[in-house]
Amino acid sequence: MYKLSLCEIRDGLLKKEFSSVEITKCFLDRIDRYKNINAYITICHEQAIKSAEESDKRISSGDARTMEGIPIGIKDLFVTKGIRTTSGSKMLENFIPPYESTVTQKLIDAGSVFLGKTNMDEFAMGSSNSTSYYGKVLNPWKIQEKLVPGGSSGGSAAAVAGHLCAAATGSDTGGSIRQPAAFTGIVGLKPTYGRCSRFGMIAMASSLDQAGVLTKTVQDSAAFLKVIAGYDEKDSTSVKKEVPDYESFVKKSIKGMKIGIPKEFRVNGMSEDIEKCWRKGANILKEAGAEVIDVSLPYAKYALPVYYIIQPAEASANLARYDGVRYGFRASGKTLDEMYENTREQGFGDEVKRRIMIGTYVLSAGYFDAYYMKALKVQKLIRQNFHDVFEKVDALLTPTTPTSAFSLENEPKDPVTMYLNDIFTVTANIAGVPGMSVPMGLDSEEKPLGLQLIAPHFREDLLIQIGSILELNANFPTLKEIL
Ligand code: GLN
């Protein structure tokens with residue numbers, strides 16, 4: 001039962017093949033059994049069963065809502081009323097939010113069951129889930145090799161891949177949905193900036209952060225996104241735009257579509273495995289009747305440096321609120337200043353401190369023009385590149401990551417090497433366009449590889465349509481069981 005996709009669970013519940021309480025208990029048992037994966041920071045045993053019971057009542061009275069009784073995981077940066085929300089940090093270890101994020105409210109209103117809050121890199125900064133204060137997360141693939149699940153939505157990815165929930169929410173500022181999806185062999189969709197409300201999402205870099213979904217199938221992503229997308233008056237950057245019926249685009253013909261292969265994504269030293277996977281994807285699209293053409297995004301090579309200026313700048317401003325007074329953790333100190341200093345010294349981990357320092361540096365009076373303003377200018381050029389390329393093609397196809405999952409042991413020790421993980425994903429955030437990672441194959445070491453599709457603003461329907469064709473023909477082996 002736990003191997004079923006979100007849409008299969010939806011159908012099974014409506015046909016009364018099993019109850020929501022049964023499937024919820026099944027996932028909760030697995031979460032307890034596979035504690036070693038560490039996918040969840042907080043598990044909501046009682047609350048999940050209670051909401052499953054309510055869902056079962058609604059299903060039997062013919063009152064089922066769109067996600068009625070479906071057990072899901074919630075990344076621990078969506079604030080959930082009355083449920084501890086940590087953002088992977090010691091700073092928020094005891095933070096019980098008094099309000100609900102819009103995304104989770106929509107999921108509650110659609111009838112879904114929250115199994116718990118998933119592990120993540122501290123304040124969503126990281127690419128391997130190793131910066132979490134709540135411990136590292138194991139990739140369910142080849143578990144004996146102790147691979148990382150990617151990050152920052154590493155707990156959500158591991159929970160979906162390891163069948164510890166039907167699907168999970170994530171957030172993506174520079175790749176945090178797509179990179180872990182690729183590492184764990186699942187689908188990850190980052191919508192257009194403004195497609196989903198950021199209200200109640202603990203902010204990292206506000207101009208780049210976007211909520212999205214991690215699922216077993218492309219159709220699941222379509223169904224899940226439909227629930228969480230839409231304008232919200234509580235977030236002035238969310239956009240007033242009709243939310244299409246994404247599921248109706250699943251497996252729709254792509255005959256005559258034009259798909260671009262951006263040459264700037266063919267980086268030096270790319271492995272033959274990744275090249276092969278990319279060719280495989282392009283061939284699938286050609287065989288399905290699309291035209292695959294080479295295109296260029298000349299400024300894309302600057303996306304990573306631009307990201308690592310804008311992201312820390314905004315993060316340093318957002319994280320100023322953790323002062324020991326307003327939220328969560330407080331250390332003692334003889335004076336007010338000393339209390340601030342001790343709180344931030346003890347409450348934040350190394351990566352967070354590093355970003356705060358970089359951010360305050362690039363925003364400081366002497367360097368603002370040289371770094372921050374310059375980065376904003378290059379961001380404009382990158383956006384223009386996308387605008388131009390989408391006059392010629394419907395979507396782009398690229399690898400999601402430059403490598404497959406690495407082991408905890410072989411984790412890059414220096415931060416800059418770690419940042420290179422995001423080289424193919426950050427571009428979409430810098431341009432604000434939607435991107436999706438689809439599992440495509442295994443590399444020579446039998447580790448999952450994903451391909452990324454990027455579409456114009458608000459064309460998530462194209463991602464679903466093209467992604468479902470890729471998925472249909474990729475013959476990607478689903479993880480049958482955690483070994
Ligand atoms: N890995 C990137 C970073 O560390 C992206 C994180 C994210 O998308 N939240 O900033």
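Each ligand, and each atom within it, is numbered from 1 in the order the structure gives. Source: prediction; values computed, not measured.
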Undergrad: Please find the pair of heavy atoms, one from Met436 and one from Arg178, that lie closest to each other, and give the distance.
TA: N-CD, 4.1 Å
Undergrad: If you count the atoms of ligand 1 from 1 in the order shown, which ones are under 4.0 Å from a heavy atom of Tyr308?
TA: 2 (C), 3 (C), 4 (O), 10 (O)
Undergrad: Please check whether Met204 reaches ligand 1 - meaning an N/O of the residue sits under 3.5 Å from an N/O of the ligand, judged on distance alone.
TA: no
Undergrad: Check each atom of ligand 1 against the heavy atoms of Tyr307 and keep those under 4.0 Å away; list them by number with element.
TA: 2 (C), 3 (C), 5 (C), 6 (C), 10 (O)
Undergrad: Relative to the heavy atoms of Met125, which atoms of ligand 1 are at a distance of less than 4.0 Å?
TA: 4 (O)
Undergrad: Does an N or O anywhere in Thr173 fall below 3.5 Å from an N or O of ligand 1?
TA: yes
Undergrad: With heavy atoms only and a cut-off of under 4.0 Å, state how Asp422 meets ligand 1: side chain, backbone, both or neither.
TA: side chain
Undergrad: Quick check: closest heavy atoms across Arg355 and Pro312, and the distance to 0.1 Å?
TA: O-CB, 3.5 Å
Undergrad: Are any side-chain N or O atoms of Thr104 and backbone N or O atoms of Ser101, one a donor and one an acceptor, separated by less than 3.5 Å?
TA: yes
Undergrad: Quick check on side chain to side chain contact (heavy atoms under 4.5 Å, CB included): which of Thr237, Thr102, Val103 does Phe199 satisfy it with?
TA: Thr102
Undergrad: Could you tell me whether some N/O pair between Gly151 and ligand 1 is separated by less than 3.5 angstrom?
TA: no
Undergrad: Using a 4.0 Å heavy-atom threshold (strictly under), name the region of Gln179 that reaches ligand 1: side chain, backbone, both or neither.
TA: neither
Undergrad: Pick one of side chain, backbone, both or neither for how Arg178 approaches ligand 1, counting any non-hydrogen atom pair under 4.0 Å.
TA: neither
Undergrad: Classify the angle between the aromatic ring planes of Tyr327 and Tyr322 as parallel (below 30°), tilted (30 to 60°) or perpendicular (above 60°).
TA: tilted
Undergrad: Looking only at heavy atoms, what is the nearest atom pair of Glu272 and Arg279, with distance?
TA: OE2-NH2, 2.9 Å
Undergrad: What atoms of ligand 1 come within less than 4.0 Å of a heavy atom belonging to Ser152?
TA: 9 (N)
Undergrad: Using a strict 4.0 Å cut-off to heavy atoms of Asp172, name the atoms of ligand 1 that fall inside it.
TA: 8 (O)
Undergrad: Select one of side chain, backbone, both or neither to describe which atoms of Phe123 lie under 4.0 Å from any atom of ligand 1, heavy atoms only.
TA: neither
Undergrad: Using 30° and 60° as the class boundaries, would you call the ring planes of Phe348 and Phe123 parallel, tilted or perpendicular?
TA: perpendicular
Undergrad: Taking the non-hydrogen atoms of Met418, is any one of them nearer than 4.0 angstrom to ligand 1?
TA: no
Undergrad: Looking at atom 7 (C) of ligand 1, what's its closest protein heavy atom, distance included?
TA: Ser176 OG, 2.3 Å
Undergrad: Under a 3.5 Å distance rule, please check whether Asn38 uses its side chain to pair with a backbone N or O of Tyr134 as donor and acceptor.
TA: yes
Undergrad: Using a 3.5 Å cut-off on N or O atoms only, is Lys75 in polar contact with ligand 1?
TA: no
Undergrad: Report yes if some N/O of Ser171 lies less than 3.5 Å from some N/O of ligand 1; otherwise report no.
TA: no
Undergrad: For Trp278 together with Phe424, are the ring centres under 6.0 Å from each other?
TA: no
Undergrad: Inspect the surroundings of NZ in Lys374 and state if more than 12 heavy atoms from other residues, nucleotides or ligands are less than 6.0 Å away.
TA: no
